[in-house]
Amino acid sequence: MNTQASTQNATQNFTYWQNQDGIMEYKNAKTLKRYHALRYERNNCNIGEFECFFAYSDKQFEEGKKSIRPLNPGEKLHYLGAGCYGTKEGMERLLDFYHNIRRTIAQECDPQEVYCFEFNNYESAISYDGDMEAMRVVIDFFGMEAAKHINRFCACQSIEEIMKEEA
(Lines give C-alpha, C1' and ligand atoms only; values in the text may rest on other atoms or scores of the structure.)
Protein backbone atom coordinates (compact mmCIF):
# COMPACT_ATOMS: atom_id res chain seq x y z
CA MET A 1 0.00 0.00 0.00
CA ASN A 2 1.34 3.44 -0.91
CA THR A 3 0.82 5.90 1.94
CA GLN A 4 0.10 9.41 0.77
CA ALA A 5 -0.88 12.80 2.12
CA SER A 6 -2.39 15.51 -0.03
CA THR A 7 -3.25 19.15 0.05
CA GLN A 8 -5.87 20.51 -2.26
CA ASN A 9 -7.53 23.78 -3.05
CA ALA A 10 -9.40 24.98 -6.11
CA THR A 11 -6.28 25.18 -8.25
CA GLN A 12 -3.64 22.88 -6.78
CA ASN A 13 -3.20 19.29 -5.76
CA PHE A 14 0.06 18.16 -4.17
CA THR A 15 0.51 14.54 -3.20
CA TYR A 16 3.35 13.26 -1.04
CA TRP A 17 4.06 9.61 -1.83
CA GLN A 18 5.74 8.21 1.27
CA ASN A 19 6.51 4.80 -0.25
CA GLN A 20 8.12 6.27 -3.36
CA ASP A 21 11.03 7.91 -1.56
CA GLY A 22 8.78 10.80 -0.62
CA ILE A 23 8.46 12.27 -4.09
CA MET A 24 6.07 15.21 -4.15
CA GLU A 25 3.77 15.13 -7.15
CA TYR A 26 1.94 18.25 -8.26
CA LYS A 27 -1.10 18.66 -10.45
CA ASN A 28 -2.57 21.92 -11.69
CA ALA A 29 0.36 24.01 -10.46
CA LYS A 30 -0.04 27.57 -11.69
CA THR A 31 3.38 29.15 -11.12
CA LEU A 32 5.77 26.21 -11.17
CA LYS A 33 6.85 26.75 -14.79
CA ARG A 34 7.58 30.40 -13.99
CA TYR A 35 9.64 29.36 -10.96
CA HIS A 36 11.60 26.92 -13.13
CA ALA A 37 12.26 29.64 -15.70
CA LEU A 38 13.44 32.14 -13.09
CA ARG A 39 15.71 29.59 -11.41
CA TYR A 40 17.16 28.68 -14.82
CA GLU A 41 17.74 32.34 -15.66
CA ARG A 42 19.50 32.89 -12.32
CA ASN A 43 21.61 29.73 -12.47
CA ASN A 44 22.59 30.01 -16.12
CA CYS A 45 23.25 33.70 -16.60
CA ASN A 46 26.48 34.63 -18.34
CA ILE A 47 28.29 36.37 -15.49
CA GLY A 48 30.92 37.53 -17.95
CA GLU A 49 28.33 40.01 -19.20
CA PHE A 50 28.46 41.49 -15.69
CA GLU A 51 32.28 41.75 -15.83
CA CYS A 52 32.54 38.89 -13.33
CA PHE A 53 33.96 35.37 -13.37
CA PHE A 54 34.42 32.36 -11.11
CA ALA A 55 37.88 31.05 -10.31
CA TYR A 56 39.03 28.30 -7.97
CA SER A 57 42.67 28.08 -9.02
CA ASP A 58 45.38 30.44 -10.19
CA LYS A 59 44.93 29.19 -13.75
CA GLN A 60 41.17 29.85 -13.66
CA PHE A 61 41.81 33.27 -12.16
CA GLU A 62 44.17 34.23 -15.01
CA GLU A 63 41.73 32.89 -17.62
CA GLY A 64 38.87 34.72 -15.92
CA LYS A 65 40.71 38.05 -15.98
CA LYS A 66 41.11 37.66 -19.74
CA SER A 67 37.37 36.93 -20.14
CA ILE A 68 36.25 40.37 -18.98
CA ARG A 69 37.10 43.83 -20.27
CA PRO A 70 40.58 45.15 -19.52
CA LEU A 71 40.77 46.93 -16.19
CA ASN A 72 41.22 50.68 -16.24
CA PRO A 73 44.44 52.11 -14.74
CA GLY A 74 44.20 51.84 -10.95
CA GLU A 75 41.06 49.67 -11.12
CA LYS A 76 41.13 46.46 -9.08
CA LEU A 77 39.18 43.24 -9.15
CA HIS A 78 36.89 42.66 -6.19
CA TYR A 79 36.00 39.38 -4.51
CA LEU A 80 32.33 38.67 -3.89
CA GLY A 81 32.77 35.27 -2.27
CA ALA A 82 32.23 31.68 -3.43
CA GLY A 83 34.98 32.10 -6.05
CA CYS A 84 33.36 35.11 -7.77
CA TYR A 85 35.60 37.99 -8.88
CA GLY A 86 34.81 41.05 -10.93
CA THR A 87 34.78 44.78 -11.30
CA LYS A 88 32.97 46.80 -8.66
CA GLU A 89 30.33 47.97 -11.16
CA GLY A 90 29.98 44.46 -12.57
CA MET A 91 29.37 42.99 -9.15
CA GLU A 92 26.78 45.64 -8.41
CA ARG A 93 24.97 44.78 -11.66
CA LEU A 94 25.22 41.03 -10.90
CA LEU A 95 23.81 41.50 -7.40
CA ASP A 96 21.00 43.68 -8.83
CA PHE A 97 20.24 40.92 -11.33
CA TYR A 98 20.04 38.33 -8.53
CA HIS A 99 17.92 40.67 -6.41
CA ASN A 100 15.49 41.24 -9.30
CA ILE A 101 15.13 37.48 -9.82
CA ARG A 102 14.39 37.03 -6.10
CA ARG A 103 11.83 39.86 -6.14
CA THR A 104 10.15 38.41 -9.23
CA ILE A 105 9.90 34.98 -7.61
CA ALA A 106 8.35 36.54 -4.50
CA GLN A 107 5.83 38.46 -6.60
CA GLU A 108 4.93 35.88 -9.24
CA CYS A 109 5.33 32.45 -7.67
CA ASP A 110 3.19 30.56 -5.21
CA PRO A 111 4.98 29.73 -1.91
CA GLN A 112 3.34 26.29 -1.68
CA GLU A 113 4.47 25.38 -5.18
CA VAL A 114 8.00 26.60 -4.47
CA TYR A 115 7.99 24.54 -1.26
CA CYS A 116 6.91 21.40 -3.14
CA PHE A 117 9.53 21.90 -5.84
CA GLU A 118 12.30 22.48 -3.30
CA PHE A 119 11.03 19.59 -1.16
CA ASN A 120 11.85 17.30 -4.09
CA ASN A 121 14.97 19.24 -5.05
CA TYR A 122 16.50 18.77 -1.59
CA GLU A 123 15.19 15.19 -1.27
CA SER A 124 13.51 16.27 1.95
CA ALA A 125 11.66 12.98 2.46
CA ILE A 126 14.95 11.14 2.99
CA SER A 127 16.92 13.97 4.57
CA TYR A 128 17.84 13.77 8.24
CA ASP A 129 16.49 17.26 8.80
CA GLY A 130 13.24 16.80 6.87
CA ASP A 131 11.96 19.79 4.94
CA MET A 132 14.34 22.29 6.55
CA GLU A 133 16.07 23.29 3.27
CA ALA A 134 12.78 23.63 1.40
CA MET A 135 11.44 25.84 4.20
CA ARG A 136 14.60 27.96 4.16
CA VAL A 137 13.97 28.70 0.49
CA VAL A 138 10.34 29.63 1.19
CA ILE A 139 11.34 31.86 4.11
CA ASP A 140 14.08 33.45 2.03
CA PHE A 141 11.77 34.33 -0.87
CA PHE A 142 8.44 34.94 0.85
CA GLY A 143 9.15 35.61 4.54
CA MET A 144 8.06 34.10 7.83
CA GLU A 145 4.36 34.95 7.48
CA ALA A 146 4.00 33.10 4.19
CA ALA A 147 6.04 30.18 5.57
CA LYS A 148 3.54 29.76 8.40
CA HIS A 149 0.83 28.94 5.85
CA ILE A 150 2.75 26.20 4.02
CA ASN A 151 1.27 22.71 4.18
CA ARG A 152 4.45 20.93 5.25
CA PHE A 153 5.49 17.31 4.86
CA CYS A 154 8.34 15.77 6.90
CA ALA A 155 8.64 18.75 9.24
CA CYS A 156 11.40 18.02 11.74
CA GLN A 157 11.79 21.60 12.98
CA SER A 158 9.46 24.50 13.54
CA ILE A 159 9.85 27.62 11.42
CA GLU A 160 11.24 29.42 14.48
CA GLU A 161 13.89 26.69 14.96
CA ILE A 162 14.89 26.95 11.32
CA MET A 163 15.27 30.72 11.68
CA LYS A 164 17.41 30.33 14.82
CA GLU A 165 19.86 28.19 12.86
CA GLU A 166 20.11 30.93 10.23
CA ALA A 167 21.11 33.56 12.78
Side-chain angles (χ1 to χ4, degrees), residues 1-50 52-57 60 79-86 91 94-167:
M1 183 171 143
N2 198 2
T3 307
Q4 71 180 45
S6 296
T7 180
Q8 294 182 7
N9 64 31
T11 61
Q12 303 167 317
N13 179 0
F14 301 99
T15 304
Y16 167 67
W17 296 97
Q18 188 175 22
N19 292 341
Q20 292 180 1
D21 291 328
I23 297 300
M24 185 83 62
E25 179 182 331
Y26 2 90
K27 295 177 182 162
N28 302 319
K30 300 293 183 193
T31 65
L32 198 54
K33 285 183 181 177
R34 181 67 174 143
Y35 183 60
H36 273 269
L38 291 165
R39 287 182 81 240
Y40 183 86
E41 185 178 348
R42 177 195 66 197
N43 295 342
N44 295 293
C45 74
N46 179 358
I47 68 164
E49 292 176 9
F50 296 98
C52 296
F53 61 91
F54 287 101
Y56 305 101
S57 69
Q60 289 175 337
Y79 181 65
L80 182 63
C84 184
Y85 298 87
M91 285 187 175
L94 180 63
L95 291 173
D96 284 344
F97 169 78
Y98 287 147
H99 177 74
N100 288 334
I101 294 283
R102 292 168 52 81
R103 185 176 50 236
T104 304
I105 289 170
Q107 291 171 346
E108 297 181 13
C109 298
D110 180 271
Q112 185 70 52
E113 292 179 19
V114 169
Y115 169 82
C116 291
F117 174 85
E118 296 299 348
F119 184 93
N120 287 346
N121 185 43
Y122 284 103
E123 299 179 330
S124 297
I126 58 174
S127 173
Y128 289 109
D129 47 17
D131 70 352
M132 182 177 71
E133 295 300 331
M135 286 305 296
R136 282 182 174 162
V137 172
V138 169
I139 292 165
D140 189 41
F141 286 134
F142 304 101
M144 288 279 289
E145 232 8 79
K148 291 177 183 176
H149 299 286
I150 295 297
N151 186 7
R152 297 175 67 186
F153 301 93
C154 295
C156 294
Q157 295 178 314
S158 70
I159 295 169
E160 290 76 20
E161 290 171 324
I162 293 170
M163 290 305 296
K164 279 185 204 172
E165 287 186 16
E166 292 292 307

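Computed from a predicted structure; not experimentally measured. All values below were derived from every heavy atom in this structure, side-chain atoms included, with hydrogens, water molecules and symmetry-related copies excluded.
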Looking at [atom1] of [X] and [atom2] of [Y], how far apart are the two atoms once the value is rounded to the nearest 0.5 Å?
| X | Y | atom1 | atom2 | result |
| --- | --- | --- | --- | --- |
| Leu32 | Lys27 | CG | NZ | 14.5 Å |
| Glu113 | Ile150 | CD | CD1 | 10.0 Å |
| His149 | Met144 | NE2 | CE | 11.0 Å |
| Phe117 | Asp110 | CZ | CG | 14.5 Å |
| Ile101 | Glu41 | CD1 | CD | 3.5 Å |
| Arg103 | Glu108 | CZ | CD | 11.0 Å |

[Y] and [X], any side-chain heavy atoms less than 4.5 Å apart:
| X | Y | answer |
| --- | --- | --- |
| Arg102 | Ile105 | no |
| Met135 | Met163 | no |
| Gln60 | Phe54 | no |
| Asn121 | Arg39 | yes |

Checking the side chain of [X] only, and the main-chain atoms of [Y] only, is there a donor and an acceptor separated by less than 3.5 Å?
| X | Y | value |
| --- | --- | --- |
| Thr31 | Cys109 | no |
| Ser127 | Glu123 | no |
| Tyr115 | Ala147 | no |

The criterion is side chain to side chain contact (heavy atoms under 4.5 Å, CB included); which residues satisfy it with Ala146, sequence neighbours excluded?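 Partners of Ala146 under the side chain to side chain contact (heavy atoms under 4.5 Å, CB included) test: Pro111, Phe142.
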According to side chain to side chain contact (heavy atoms under 4.5 Å, CB included), who are the partners of Met132, at least two apart in sequence or on a separate chain?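 Asp129, Arg136, Gln157, Ile162, Glu165.
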If you take all heavy atoms of [X] and [Y], which pair is closest and at what distance?
| X | Y | result |
| --- | --- | --- |
| Asp131 | Cys156 | OD1-N, 4.3 Å |
| Phe119 | Phe153 | CE1-O, 3.1 Å |
| Ala55 | Phe53 | CB-CE1, 4.0 Å |

Phe97: what forms a ring-ring contact (aromatic ring centres under 6.0 Å, His included) with it, not counting sequence neighbours?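 For Phe97, the residues satisfying ring-ring contact (aromatic ring centres under 6.0 Å, His included) (neighbours in sequence not counted) are Phe50.
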Are more than 12 heavy atoms from other residues, nucleotides or ligands located less than 6.0 Å from atom OH of Tyr40?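 Atom OH in Tyr40 is not crowded, with 12 or fewer foreign heavy atoms closer than 6.0 Å.
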With side-chain contact (heavy atoms from CB on, under 4.5 Å) as the test, would you mind laying out the steps for Ile159 and Arg152 before giving the verdict? CA-CA 11 Å; Ile159 295 169; Arg152 297 175 67 186; 3.9 Å; yes
Between the side chains of Lys164 and Glu161, is the shortest nitrogen-to-carboxylate-oxygen separation below 4.0 Å, so that they form an ion pair?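 Looking at Glu161 and Lys164, the cut-off is not met.
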When the ring planes of Tyr35 and Phe141 are compared, do they come out parallel, tilted or perpendicular, using 30° and 60° as the limits?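 Geometry flag for Phe141 against Tyr35: perpendicular rings.
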Would you please test Cys52 and Met91 for side-chain contact (heavy atoms from CB on, under 4.5 Å) and show each step? CA-CA 7 Å; Cys52 296; Met91 285 187 175; 3.8 Å; yes
